[in-house]
Amino acid sequence: ASDADDATTVFHVPFIGGSPGMGQIGALGVVGASMADAGDFVRTTLPMPGHWDLDNDLFFRVLWSDNAVNTAQTIAWSVRWKTYQFGQVVVAGVGGGGSDTIAITADPNSNVSNALDASPWGKLSGGTWSDDVGFLTLDVECTTDASGLDPVFVGLEVAYIPKLTSGTQ
């Protein structure tokens with residue numbers, strides 16, 4: 001990666017689908033999207049990070065809270081994606097199943113009120129995205145909330161091997 005890659009700042013406006021609004025975890029000042037219903041999602045678009053080595057597997061997990069629920073409950077998440085080139089028409093939606101979805105195993109909450117939880121890691125196989133991709137759209141969706149947990153989505157964590165030089169590593 002170059003110094004220019006490291007110095008790039010990206011501003012984006014997230015899109016929220018379904019019925020979520022913003023929610024605070026307890027009175028702690030940590031705010032996220034309240035995912036009250038299965039099918040609720042948050043979308044963000046960003047330039048493809050040049051320091052991700054796309055030849056290797058990428059891993060994604062959801063950071064979330066049960067928002068003051070202290071009984072054991074489970075939720076399932078998925079991360080849907082679509083890649084674009086600059087100058088390409090952006091189509092509505094990000095897919096919904098198959099090769100454009102990163103499945104994440106159902107995740108029990110920590111059974112502690114207002115705790116921050118992290119889902120299991122979902123994997124995107126190396127080589128799925130090419131180095132010439134311009135930008136990326138990601139949806140984080142609450143796919144199953146059978147127990148009425150009403151989770152609060154706080155963030156998406158990405159684990160990757162850094163790209164140290166241009167070309168194949």
Side-chain angles (χ1 to χ4, degrees), residues 10-49 52 54 57-85 88-126 128-129 133-160:
V10 178
F11 293 95
H12 63 87
V13 177
F15 175 81
I16 299 176
S19 60
M22 298 306 285
Q24 181 176 201
I25 300 172
L28 306 175
V30 178
V31 177
S34 177
M35 305 283 205
D37 301 308
D40 288 349
F41 68 92
V42 174
R43 174 175 295 156
T44 190
T45 300
L46 64 153
M48 180 62 81
W52 291 1
L54 302 178
D57 296 341
L58 297 168
F59 298 90
F60 297 81
R61 72 177 178 176
V62 176
L63 306 178
W64 63 285
S65 174
D66 58 13
N67 203 20
V69 175
N70 61 359
T71 56
Q73 299 184 41
T74 301
I75 188 151
W77 300 95
S78 69
V79 177
R80 298 178 306 175
W81 59 268
K82 185 149 185 75
T83 58
Y84 298 94
Q85 300 295 335
Q88 177 184 354
V89 173
V90 178
V91 296
V94 178
S99 62
D100 58 359
T101 300
I102 302 163
I104 297 178
T105 305
D107 188 27
N109 67 341
S110 61
N111 201 14
V112 176
S113 293
N114 300 316
L116 186 62
D117 292 311
S119 73
W121 291 98
K123 180 178 92 168
L124 179 71
S125 296
T128 301
W129 296 336
V133 167
F135 61 102
L136 172 66
T137 297
L138 295 169
D139 285 358
V140 177
E141 180 180 358
C142 168
T143 56
T144 304
D145 183 15
S147 56
L149 183 58
D150 296 345
V152 174
F153 166 78
V154 177
L156 180 66
E157 184 176 6
V158 182
Y160 58 91

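Atom set for the values below is all heavy atoms of this structure, side chains included, hydrogens, waters and symmetry mates excluded. In what follows, residues are counted from 1 in the order of the sequence shown. Computed from a predicted model, the values in this text were never measured in an experiment.
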Practice prompt. Any chance you could lay out the salt bridge (charged side-chain N to carboxylate O under 4.0 Å, His left out) test for Asp100 and Arg80, step after step, and finish with the verdict?
Written response: CA-CA 6 Å; Asp100 58 359; Arg80 298 178 306 175; over 6 Å; no

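The closest donor-acceptor contact from the side chain of Asp117 to the backbone of Ser65 lies at 3.5 Å or more, if one exists at all.
Scanning for ring pair (Phe, Tyr, Trp, His ring centres under 6.0 Å) contacts around Trp121 gives an empty result, with sequence neighbours left out. Scanning for ring pair (Phe, Tyr, Trp, His ring centres under 6.0 Å) contacts around Phe60 gives an empty result, with sequence neighbours left out. Remark: Thr143 pairs with Ala76, Ser78, Glu141 by the side chain to side chain contact (heavy atoms under 4.5 Å, CB included) rule, at least two apart or across chains. Listed by chain and residue number, Met48, Trp81, Trp129, Val133, Leu136 satisfy the side chain to side chain contact (heavy atoms under 4.5 Å, CB included) test with Thr83 (two or more places apart in sequence, or in another chain). Every residue was checked against the side chain to side chain contact (heavy atoms under 4.5 Å, CB included) condition with Ala38, not counting sequence neighbours, and none meets it.
Annotation: the span from Thr45 atom OG1 to Leu138 atom CG amounts to 8.0 Å, rounded to 0.5 Å. Note: Ile102 CD1 to Leu124 CG = 4.5 Å, rounded to the nearest 0.5 Å. Note: Arg61 CZ to Trp64 CH2 = 13.0 Å, rounded to the nearest 0.5 Å.
Here the closest heavy-atom approach between residue Ala106 and residue Pro120 is recorded as O-CG, 4.4 Å. When all heavy atoms are compared, the tightest approach of Ile104 to Ser119 is CG2-OG, 3.5 Å.
Of the options Val152, Val62, Val42, a side-chain contact (heavy atoms from CB on, under 4.5 Å) to Met35 is made by Val42 and by none of the others.
When side chains are defined from C-beta on, Cys142 does not count as touching Phe41, because their heavy atoms never get closer than 4.5 Å.
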